[in-house]
Amino acid sequence: MANLHIQLHLVALFFLSSLILPSNCLPALHPKPPVALHPKSPVALIVFGDSLFDPGNNNYIKTTTTFQANFPPYGETYFKSPTGRFTNGRTIPDFIAEFAKLSLISPYLQTGHHEVLTKGVNFASGGAGALVETNKGSVISLHMQFNNFREANKQLRLKLGKRAARRVVKNAVYLISIGSNDYLNPLINNPSMFKSHAPQDFVAMVVGNITSVLKKIHREGGRKIGILTLGPLGCFPRLRLANVAAGGNGECLEQATALVKLHNPLLSQKLQLLQKQLKGFKYSYFDFFTVYTETIQNPPKYGFKEVKSACCGSGPFRGNFSCGGKRGVKEYELCHYPKDYLFFDAEHPSEAANFLSARLMWGGPSNVTGPYDIRSLFMR
Ligand SMILES: *[C@@H]1O[C@H](CO)[C@@H](O)[C@H](O)[C@H]1NC(C)=O
Ligand SMILES: *[C@@H]1O[C@H](CO)[C@@H](O)[C@H](O)[C@H]1NC(C)=O
Ligand SMILES: *[C@@H]1O[C@H](CO)[C@@H](O)[C@H](O)[C@H]1NC(C)=O
């Protein structure tokens with residue numbers, strides 16, 4: 001425990017020094033602000049998704065703590081205390097909000113209904129999936145998140161009137177991260193799922209549900225979607241551990257990679273179709289898989305030292321999801337410099353990794369972000 005305290009102090013020291021020193025040595029560190037915004041009506045950021053985007057909605061789920069991260073050392077590097085975010089600091093939506101000159105986007109369950117859409121709001125829930133069955137009872141599924149959005153939109157119309165409300169919803173940028181849990185849950189807890197479903201059929205079901213929610217957002221008046229596709233899930237520390245448990249040497253878990261390689265192209269195809277079918281629909285696709293795969297192959301290029309093992313957790317690759325001493329495992333290890341790590345815990349990127357993704361989503365290049373980047377979605 002004493003050792004842990006020293007480590008936490010080092011993390012705090014690291015945080016202080018990062019205020020003084022440049023936080024990274026990559027080019028284009030200060031993304032250009034969006035242009036042509038009407039000063040009276042900022043473009044709102046509205047967020048849906050899973051633990052990659054959850055800013056603390058799950059703190060309000062009283063029935064279970066399975067999918068919560070509101071305890072140390074989560075949040076230590078940036079917020080200095082836990083917020084419910086599943087990382088040591090900021091998430092991708094936090095950085096996107098900063099780049100767009102918006103204030104931090106609040107969890108929906110913290111703010112309630114009133115006027116949340118004008119300022120931007122975050123509906124995401126750790127553990128959530130596109131399928132309602134995924135971690136049912138412990139999370140707010142994508143479909144329930146959409147229902148919360150529709151309710152907020154109703155409140156907005158009552159408050160501002162139809163015309164003004166429509167303008168807010170139309171101008172807003174919608175950021176979405178969903179799908180990982182639909183695959184992680186059966187891969188880790190219920191492999192028999194893949195005995196009863198052919199992988200293609202399962203993937204079509206997940207992507208079908210994402211597509212149907214995108215259509216519903218469009219029907220409510222939303223137009224501009226930024227979507228995080230799936231990362232190389234098989235290379236996340238939790239699945240390297242699963243590989244070890246299955247007698248491997250901790251390579252990326254091939255079964256997971258195979259699912260991602262079916263999911264991302266199908267999603268991309270559906271997005272192209274939606275752009276043709278739905279009036280005014282614009283999207284930004286971020287190739288999370290390729291960016292992380294390239295980072296894992298060449299860590300120094302992106303400023304990382306450790307891309308296999310998590311910063312926080314236990315067991316091989318710290319792939320046992322015990323960061324913070326939850327899930328029945330009291331002991332866990334914590335690295336000194338989370339900034340050097342691609343993964344903070346067994347299933348989640350570090351703040352430094354989130355910064356890398358956010359920067360690429362915000363401003364290209366076109367080999368990883370397209371057809372629009374997020375910055376251009378913020379323009380009118
Ligand atoms: C959505 O998921 C459900 C299972 O939760 C499935 O029965 C349904 O067919 C899926 N919808 C689409 C459009 O694929
Ligand atoms: C994308 O292009 C940049 C150069 O603009 C290159 O450095 C990078 O490796 C490419 N990334 C991928 C994932 O292909
Ligand atoms: C995580 O660690 C606990 C305690 O050592 C152990 O019981 C459990 O099996 C481990 N989980 C995995 C997936 O290795």
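Fair warning: this is a prediction, and the values are worked out from it, not measured in the lab.
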* So, does Lys308 use its side chain to make a donor-acceptor pair with the main chain of Phe317 at under 3.5 Å? -> no
* Atom pair CG (Leu52) and CG (Leu175), whose distance is rounded to the nearest 0.5 Å -> 11.0 Å
* To do: Could you tell me whether the side chain of Asn58 and the main chain of Ala69 form a donor-acceptor pair under 3.5 Å?
  => no
* To do: Evaluate the side-chain proximity of Phe86 to Asp54: yes if any heavy-atom separation is below 4.5 Å, no if none is.
  => yes
* To do: Could you tell me whether the side chain of Asp340 reaches within less than 4.5 Å of the side chain of Pro338, counting heavy atoms only?
  => no
* **Flag side-chain contact, heavy atom, 4.5 Å: Phe286 against Ile374** => no
* Please step through side chain to side chain contact (heavy atoms under 4.5 Å, CB included) for the pair Phe304 and Thr295, ending with a clear verdict. => CA-CA 8 Å; Phe304 294 99; Thr295 306; 3.6 Å; yes
* **Spacing of Lys276 atom NZ and Gln272 atom CD [to the nearest 0.5 Å]** => 6.5 Å
* Asked: Between Trp362 and Phe95, is the gap from one ring center to the other below 6.0 Å?
  -> no
* Take Arg223 and Lys282 through the side chain to side chain contact (heavy atoms under 4.5 Å, CB included) test and state the conclusion after the steps. => CA-CA 6 Å; Arg223 292 293 177 266; Lys282 279 183 181 179; over 6 Å; no
* Check whether any side-chain N or O of Glu306 sits under 3.5 Å from a backbone N or O of Cys311 as a donor-acceptor pair, and report yes or no. => no
* To do: Given side chain to side chain contact (heavy atoms under 4.5 Å, CB included), test Leu184 with Leu239 step by step and report yes or no.
  => CA-CA 9 Å; Leu184 286 174; Leu239 296 187; 3.7 Å; yes
* To do: Compute the ring centroids of Tyr74 and Phe344, then answer whether they are less than 6.0 Å apart.
  => yes
* **Shared hydrophobic cluster, Leu273 / Leu266 (ILVMFWY, side-chain heavy atoms < 4.5 Å)** => no
Indicate every side-chain donor-acceptor pair of residues 193-204 with a distance under 3.5 Å to a residue at least two apart or in another chain.
from	atom 1	to	atom 2	distance (Å)
Ser196	OG	Met193	O	3.1
His197	ND1	Met193	O	3.3

* To do: Heavy atoms only: give me the nearest Gln145-Ser125 pair and the separation to one decimal.
  => NE2-N, 3.6 Å
* Which pair of heavy atoms, one from Ser177 and one from Asp50, lies closest together, and at what distance? -> OG-OD1, 2.9 Å
* **Nearest heavy-atom neighbours spanning Leu160 and Ala165** => CB-N, 4.2 Å
* Asked: Going by atom types only, do His263 and Asp182 share a side-chain donor-acceptor pair under 3.5 Å?
  -> no
* Please name the pair of heavy atoms, one in Ala97 and one in Ser103, separated by the smallest distance, quoted to 0.1 Å. => CB-O, 3.9 Å
* Asked: From Glu331 CD over to Ser314 OG, what is the distance, rounded to the nearest 0.5 angstrom?
  -> 9.0 Å
* Asked: Taking side chain as C-beta onward, heavy atoms only, is Pro349 less than 4.5 Å from Ile92?
  -> no
* Structure fact -> Smallest heavy-atom separation, Ile210 atom then Leu142 atom, equals CA-CD2, 4.4 Å
* To do: State whether the SG distance for the cysteine pair Cys312/Cys335 is less than 2.5 Å.
  => no
* Is any side-chain heavy atom of Lys154 closer than 4.5 Å to a side-chain heavy atom of Arg157? -> yes
* Which pairs with one or both residues in residues 203-288 pass disulfide bond (SG atoms under 2.5 Å apart), sequence neighbours excluded? -> Cys235-Cys252
* **Candidates Tyr108, Phe53, Phe149 - the one meeting ring-ring contact (aromatic ring centres under 6.0 Å, His included) with Phe48** => Phe149
* Could you state the interatomic distance from CG (Asn70) to OG1 (Thr65), rounded to the nearest 0.5 Å? -> 8.5 Å
* With a cut-off of 6.0 Å (strictly less than), are more than 12 heavy atoms of other residues, nucleotides or ligands near CD of Gln277? -> yes
* Asked: Quick one: are Phe281 and Ile225 in side-chain contact, heavy atoms under 4.5 Å?
  -> yes
Distance-only criterion, 3.5 Å: show the donor-acceptor pairs between side-chain atoms of residues 185-192 and protein atoms not counting sequence neighbours.
from	atom 1	to	atom 2	distance (Å)
Asn185	OD1	Asn189	ND2	2.9
Asn190	OD1	Ser192	OG	2.8

* Please confirm whether the backbone N or O of Val207 pairs with a side-chain atom of Thr211, one donor and one acceptor, at under 3.5 Å? => yes
* Asked: Restricting to pairs with a member in residues 87-96, which pass salt bridge (Lys or Arg N to Asp or Glu O under 4.0 Å), not counting sequence neighbours?
  -> Arg85-Asp94, Arg90-Glu98, Arg90-Glu351
* Report yes if the side chains of Leu228 and Met361 come closer than 4.5 Å at any heavy-atom pair, otherwise no. => yes
* **Glu333 side chain vs Arg318 backbone, donor-acceptor pair below 3.5 Å** => no
Side-chain donor-acceptor pairs of residues 126-133 under 3.5 Å, sequence neighbours excluded:
none

* Verify whether one side chain among Asp373 and Ser376 offers a donor that lies under 3.5 Å from an acceptor in the other. => yes
* To do: Could you tell me whether the side chain of Ser350 and the main chain of Tyr341 form a donor-acceptor pair under 3.5 Å?
  => yes
Show which side-chain atoms of residues 254-262 pair as donor or acceptor with protein atoms under 3.5 Å away, not counting sequence neighbours.
from	atom 1	to	atom 2	distance (Å)
Thr257	OG1	Leu253	O	3.3

* Asked: How about Thr66 and Ser138: does a side-chain donor come under 3.5 Å of a side-chain acceptor?
  -> no
* Side-chain touch Tyr292/Leu230, heavy atoms, less than 4.5 angstrom -> no
* Roughly how far apart are Phe288 CZ and Asn264 CG, rounded to 0.5 Å? -> 10.0 Å
* Asked: If only atom types and distance count, is the side chain of Asn243 paired as donor or acceptor with the main-chain N or O of Gly250 below 3.5 Å?
  -> yes
* Treat each ILVMFWY residue as a node, draw an edge where side-chain heavy atoms are under 4.5 Å apart, and state whether Val307 and Leu241 are in one component. => no
* **Distance in Å, Arg238 CZ paired with His348 NE2, rounded so as to fall on 0.5 Å steps** => 12.0 Å
* To do: Check Lys224 against Leu377 and note the closest heavy-atom contact, atom names and distance.
  => NZ-O, 2.8 Å
* Please say whether more than 12 non-hydrogen atoms of neighbouring residues, nucleotides or ligands are located less than 6.0 Å from OH in Tyr372. => no
* Sub-3.5 Å donor-acceptor pair from the side chain of Asn122 to the main-chain atoms of Pro107, do we have one? -> no
* To do: Evaluate side chain to side chain contact (heavy atoms under 4.5 Å, CB included) for Leu271 paired with Leu214, printing each intermediate quantity in order.
  => CA-CA 9 Å; Leu271 286 165; Leu214 294 180; 3.7 Å; yes
* Asked: Are Phe343 and Val244 connected, step by step, through hydrophobic side chains (Ile, Leu, Val, Met, Phe, Trp, Tyr) whose heavy atoms are closer than 4.5 Å?
  -> no
* Asked: Has the side chain of Asn298 got a donor or acceptor atom that lies under 3.5 Å from a matching backbone atom of Glu294?
  -> no
* **Shared hydrophobic cluster, Met144 / Leu117 (ILVMFWY, side-chain heavy atoms < 4.5 Å)** => yes
* Are the side chain of Ser212 and the backbone of Asn209 linked by a donor-acceptor contact shorter than 3.5 Å? -> yes
* Could you verify whether a donor N or O on one side chain and an acceptor N or O on the other, from Arg150 and Asn147, lie under 3.5 Å apart? => yes
